[in-house]
Amino acid sequence: MALYEHVFLARQDLAQAQVDALAETATKIVEDNNGKVVKTETWGLRSLAYKIAKNRKAHYVMLEIDAPAGVVAELERQTQINEDVIRYMTVRVDELEQGPTVMMRKGERERGRGRRDRDDAGNTGFGE
């Protein structure tokens with residue numbers, strides 16, 4: 001079976017429970033067609049670069065899938081019909097990423113590190 005990453009963007013006015021239900025529906029579609037969802041990550045409500053269907057923000061969800069190509073075709077067909085999903089993209093990958101994805105690690109780095117704009121001598125690097 002092939003490995004895929006499926007990311008979809010849900011409308012900004014949905015509650016988190018509704019977004020989770022969309023992810024569960026996608027998981028059910030994959031599993032009903034002899035595939036397997038290895039990992040599901042919810043990246044949260046994020047700003048879009050431009051408006052999509054009158055939405056300035058969207059809920060991002062990523063699924064890592066191990067399934068035959070026909071399963072992905074059915075998943076994309078069902079996703080396209082759903083009015084709550086404003087965009088989606090499925091990419092075939094050689095291997096699935098272990099641990100949290102870059103999107104999840106980025107938030108952890110920023111929270112854990114704090115603001116370190118100055119070096120040990122107190123210089124900002126802007127020629128002060």
Side-chain angles (χ1 to χ4, degrees):
M1 288 197 269
L3 304 173
Y4 298 92
E5 289 182 354
H6 177 76
V7 179
F8 66 88
L9 282 60
R11 289 191 345 238
Q12 65 186 0
D13 58 344
L14 296 179
Q16 187 60 45
Q18 292 171 302
V19 175
D20 293 340
L22 286 173
E24 289 175 21
T25 302
T27 301
K28 185 174 180 343
I29 292 167
V30 171
E31 290 174 351
D32 287 349
N33 291 297
N34 300 324
K36 184 171 82 170
V37 174
V38 178
K39 180 170 52 173
T40 303
E41 283 187 359
T42 303
W43 295 341
L45 185 65
R46 304 176 62 85
S47 296
L48 299 170
Y50 54 89
K51 277 187 177 182
I52 301 174
K54 299 182 182 178
N55 291 285
R56 292 188 180 277
K57 294 183 175 194
H59 293 274
Y60 284 65
V61 179
M62 195 256 324
L63 305 170
E64 290 185 352
I65 300 169
D66 184 5
V71 174
V72 173
E74 177 63 16
L75 176 61
E76 287 185 342
R77 187 184 76 78
Q78 294 280 344
T79 302
Q80 191 172 6
I81 292 171
N82 194 327
E83 294 177 355
D84 292 334
V85 177
I86 57 175
R87 285 283 192 275
Y88 67 91
M89 181 172 68
T90 307
V91 178
R92 184 173 178 178
V93 294
D94 293 329
E95 61 184 57
L96 298 175
E97 190 171 344
Q98 300 298 317
T101 59
V102 173
M103 293 295 288
M104 298 301 283
R105 288 193 308 251
K106 178 181 175 192
E108 292 172 8
R109 256 186 306 155
E110 290 173 355
R111 282 192 302 269
R113 179 176 57 186
R115 298 283 291 164
R116 298 253 174 161
D117 292 340
R118 299 177 185 273
D119 62 11
D120 292 334
N123 300 322
T124 60
F126 292 108
E128 291 181 3

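Along the sequence shown, residues are numbered consecutively beginning with 1.
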Quiz prompt | Contact summary for G35 and A67, nearest pair of heavy atoms | solution = CA-CB, 3.7 Å
Quiz item: What closest approach, in Å, do A10 and L14 show between heavy atoms, and which atom pair accounts for it?
Solution: CB-CD1, 3.8 Å
Quiz prompt | H6 side chain vs I65 backbone, donor-acceptor pair below 3.5 Å | solution = no
Practice problem: Take L22 and V61 through the test side chain to side chain contact (heavy atoms under 4.5 Å, CB included) and record every step on the way to the result. | Solution: CA-CA 9 Å; L22 286 173; V61 179; over 6 Å; no
Quiz item: In Å and rounded to the nearest 0.5 Å, what is the CG to CZ distance from L63 to F8?
Solution: 6.0 Å
Exercise. Quick one: pull up CD in Q18 and CG in D13 and give me the separation to the nearest 0.5 Å.
Key: 8.0 Å
Exercise. Heavy atoms only: give me the nearest Y60-L48 pair and the separation to one decimal.
Key: OH-CD2, 3.4 Å
Quiz item: Rounded to the nearest 0.5 Å, what separation is found between the CD atom of Q12 and the CG atom of N55?
Solution: 4.5 Å
Quiz item: At their closest point, which heavy atom of E95 faces which heavy atom of L3, and how far apart are they?
Solution: CA-CD1, 3.7 Å
Practice problem: Considering non-hydrogen atoms only, spot the tightest contact between M62 and W43 and give its length. | Solution: CB-CZ2, 3.6 Å
Quiz prompt | Residues, nucleotides or ligands: over 12 heavy atoms within 6.0 Å of K57 NZ | solution = no
Self-check item: Gap separating the CG atom of L75 from the NZ atom of K28, nearest 0.5 angstrom
Solution: 13.0 Å
Exercise. Hey, could you give me the CD/CG distance between Q80 and N82, rounded to the nearest 0.5 Å?
Key: 11.0 Å
Practice problem: Keeping the roles fixed (side chain from D32, backbone from I29), state whether a donor-acceptor pair exists under 3.5 Å. | Solution: no
Exercise. Check step by step if side chain to side chain contact (heavy atoms under 4.5 Å, CB included) holds for H59 and Q16.
Key: CA-CA 8 Å; H59 293 274; Q16 187 60 45; 3.9 Å; yes
Quiz item: How long is the span from the CE atom in M89 to the CG atom in L9, to the nearest 0.5 Å?
Solution: 9.5 Å
